[in-house]
Amino acid sequence: MTSAPIPVFDGHNDVLLRLFNDGGSDVAIQSFLKGSAGGHLDLPRARQGGLVGGLFAIFPPSPAMADFMELMQGEGYDLPLPEPLQLSDGQASTLAMASILFRIERASDGAVAVCRSVADIRAAMSRGALATVLHIEGAEAIDGNLAMLDVLHAAGLRSIGPVWSRPNIFGHGVPMRYPGSPDTGPGLTERGFDLIRACNRLGILIDLSHLNERGFWDVVEASDAPLVATHSNVHAICPVSRNLSDAQFEAIRASKGVVGLNYATAFLRPDGHMDADTGLDVMIRHLDAMLERLGEHGVALGSDYDGAVVPEAIGDVSLLPRLIEAMQAHGYGDDLIRRIAVENWLDVLGRTWKD
Ligand code: ZN
């Protein structure tokens, strides 16, 4: 069969961090637009694999991040939460990564669009442009008075994870722990509650993926928007602290929210190993379990491309059709696949955003 690949809108990738780590120069920007051998995601490979858009994360790195993935190895691990970042450091890296995305858009000749509404996303998709949405993973750039929140929202920010797995003025985050429960300590601070209410007012999506269980329930209490975890899996299958308990899935379903399947093998495999030699069958197992817990309108994709070790068979974004084929082979119909691959994201964004 030579038909066009089924379009995929993705809940989470870290390509902006990769380009930032590559120096963020025009060379890095051209490597995204023209393609490069390294990493998981660039424009030519997105086109090849049918990736039509997604949430592009800005993650302000901690100083000692380099060996982080190495520590998540072996039969079990329990990483301490990294130290809090200074506001000035959070702002410097956040603004640098936002700038990378805006420069990509400018240099792309219309091939990449920064989208601020679902209408923007659909328009980009229909003209064949990559529909990108600015997302923050760890709100370290935002001050306690939330002045920067207004500025970033005006620039196009439409999604925030209040914390990465690290404490900040808004909350505590979930440490990387295998095996481990997401219930690891205190959740949101008072300022965290203020941030959630401000996001509701502005129509910014709140991402639950790196909150611990207490923080999750704090958002349930404070937020009037659908509950969304952009890149998390099923704790009952892979008992890592980053995955969601059945009680969390129930709350997400009750809010008509969405969870994006994370392709990180450390969050897929029952043994928690970070190992590219992992079949797609375990992804289907998580999708089945998510469908059972959330229903057909609650399940989507959240790759973690450029931020994790993913199964070799879908080792970069050009190989996404293999995941679609695995869903087809497992008996998912075209309507369900379309919902998981694209429509459930657009639907929940439309019910969250105010633009
Ligand atoms: Zn993440």
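Both counts, for ligands and for their atoms, begin at 1 and track the order of listing.
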Please give the atom name: the N, O or S atom of [X] nearest to the Zn ion (ligand 1).
X      : answer
His231 : NE2
Glu137 : OE2
His210 : NE2

Exercise for the section: May I ask you to check whether Glu325 and His330 show a side-chain donor-acceptor distance below 3.5 Å? Expected result: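 The criterion, which ignores hydrogens and geometry beyond distance, is not satisfied for His330 and Glu325.
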Problem - Check: Ser245/His235 side-chain N/O donor and acceptor closer than 3.5 Å - result: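 Looking only at side-chain atoms, His235 and Ser245 do not form any donor-acceptor pair under 3.5 Å.
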Exercise for the section: Just do the side-chain hydrogen bond (donor to acceptor under 3.5 Å, both in side chains) check on Tyr332 and Asp288 with the steps written out, would you? Expected result: CA-CA 10 Å; Tyr332 291 3; Asp288 275 346; 2.7 Å; yes
Exercise for the section: Kindly indicate, with the supporting measurements, whether the criterion salt bridge (charged side-chain N to carboxylate O under 4.0 Å, His left out) is fulfilled by Lys34 and Asp42. Expected result: CA-CA 8 Å; Lys34 300 213 165 97; Asp42 55 37; over 6 Å; no
